[in-house]
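Step one of this worksheet: look at the structure below.
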Amino acid sequence: MKSWLASLLINTIALMVVAGYFDGFHIENISAALLASVLLSLFNVFLKPILVLLTLPVTIISLGLFLIVINAALLSLTAELMGDSFNIDGFGMALLAAIIISLLNMFLTNFILEPLKKRKKKRK
């Protein structure tokens, strides 16, 4: 449960950072970012495996790069369900945002969350 909450927090931060740097990616407030993070997490758990399975030949041929397209599609779906509180201007912006969000998630997880977990284990 704690790791899921930490993942949600990291995803929320990543969404807010992208929204802060790009005009084509707009999130109304932090609560909208948190809701978008929850929706995106649910889509990644339930929809993404199905989409990966359906697009497996293309994903293999592209050496996994098609996963970025799947991430962008799920991000666009999240924006569509959120309405006016979360907007993405076009699929190109969604692709760029998916790449940046993935990199930010990787950075925040590997360089902030994991060291905190290791330090906590050492104290016990």
Side-chain angles (χ1 to χ4, degrees):
M1 182 73 169
K2 286 182 183 180
S3 67
W4 184 71
L5 288 174
S7 174
L8 278 179
L9 180 63
I10 286 174
N11 211 15
T12 302
I13 291 169
L15 287 169
M16 293 297 290
V17 167
V18 171
Y21 281 103
F22 296 99
D23 291 332
F25 192 95
H26 174 74
I27 296 179
E28 193 170 298
N29 52 34
I30 190 114
S31 60
L34 187 59
L35 180 59
S37 180
V38 169
L39 281 173
L40 196 56
S41 295
L42 290 172
F43 289 153
N44 282 331
V45 168
F46 295 110
L47 274 172
K48 189 173 182 176
I50 295 167
L51 292 174
V52 168
L53 190 61
L54 290 174
T55 61
L56 196 58
V58 175
T59 304
I60 291 171
I61 289 170
S62 70
L63 301 175
L65 291 176
F66 193 74
L67 292 174
I68 297 169
V69 174
I70 292 173
N71 287 342
L74 293 176
L75 193 59
S76 294
L77 179 62
T78 302
E80 287 296 319
L81 289 177
M82 293 279 300
D84 290 337
S85 61
F86 181 26
N87 294 315
I88 301 174
D89 294 342
F91 196 71
M93 184 68 234
L95 273 172
L96 180 62
I99 292 168
I100 294 171
I101 289 169
S102 296
L103 291 172
L104 280 171
N105 278 335
M106 182 181 64
F107 176 79
L108 292 172
T109 300
N110 290 335
F111 295 111
I112 295 175
L113 189 61
E114 291 301 321
L116 287 174
K117 284 182 182 179
K118 287 179 184 177
R119 189 167 38 164
K120 191 174 180 180
K121 284 182 183 180
K122 284 183 181 180
R123 281 194 243 162
K124 287 184 179 184

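Residue numbers count from 1 along this sequence.
- Cluster membership check: Leu113 shares its hydrophobic cluster with Met106, using side-chain heavy-atom separations under 4.5 Å among Ile, Leu, Val, Met, Phe, Trp and Tyr.
- A donor-acceptor distance shorter than 3.5 angstrom exists from the side chain of Ser102 to the backbone of Ala98, with no hydrogens or angles considered.
- In terms of heavy atoms, Ala33 sits closest to Met16 at CB-SD, 3.4 Å.
- Note on Met93: it clusters hydrophobically with Phe91, by side-chain heavy-atom contacts below 4.5 Å among ILVMFWY residues.
- By the 4.5 Å heavy-atom criterion applied to side chains, Leu75 and Phe86 are counted as neighbours.
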Just distance, no hydrogens or angles: give the donor-acceptor pairs under 3.5 Å from side chains in residues 52-68, sequence neighbours left out.
from  : atom 1 : to    : atom 2 : distance (Å)
Thr55 : OG1    : Leu51 : O      : 2.7
Thr59 : OG1    : Thr55 : O      : 2.9
Ser62 : OG     : Val58 : O      : 3.0
Ser62 : OG     : Thr59 : O      : 3.2
Ser62 : OG     : Leu65 : N      : 3.4
Ser62 : OG     : Phe66 : N      : 3.1

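- Counting heavy atoms from C-beta outward, Tyr21 and Ile100 have side chains that stay 4.5 Å or more apart.
- Rounded to the nearest 0.5 angstrom, Leu47 CG and Ile70 CD1 are separated by 10.5 Å.
- From Asp89, atom CG reaches atom CZ of Phe22 across 12.5 Å, with rounding to the nearest 0.5 Å.
- With hydrophobic clusters built from ILVMFWY side chains whose heavy atoms lie under 4.5 angstrom apart, Trp4 shares a cluster with Leu42.
- In terms of heavy-atom proximity, Ala94 sits nearest to Ser76 at CB-OG, 3.4 Å.
- Taking a 6.0 Å sphere around CD of Glu114, one finds it holds more than 12 heavy atoms contributed by other residues, nucleotides or ligands.
- Among all heavy-atom pairs drawn from Asp84 and His26, the shortest one is O-CD2, 4.5 Å.
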Can you give the donor-acceptor pairs under 3.5 Å from side chains of residues 8-15 to other protein atoms, not counting sequence neighbours?
from  : atom 1 : to     : atom 2 : distance (Å)
Asn11 : OD1    : Asn105 : ND2    : 3.3
Thr12 : OG1    : Leu8   : O      : 2.7

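- To the nearest 0.5 angstrom, Ile88 atom CD1 is 10.5 Å from Met82 atom CE.
- In Asp23, the CG atom is not crowded: 12 or fewer heavy atoms of neighbouring residues, nucleotides or ligands sit closer than 6.0 Å.
- Residues Leu103 and Phe111 are members of one and the same hydrophobic cluster, defined by side-chain heavy-atom contacts under 4.5 angstrom among Ile, Leu, Val, Met, Phe, Trp and Tyr.
- By the rule that hydrophobic residues join a cluster once side-chain heavy atoms approach within less than 4.5 Å of another member, Ile101 and Val38 end up as members of separate clusters.
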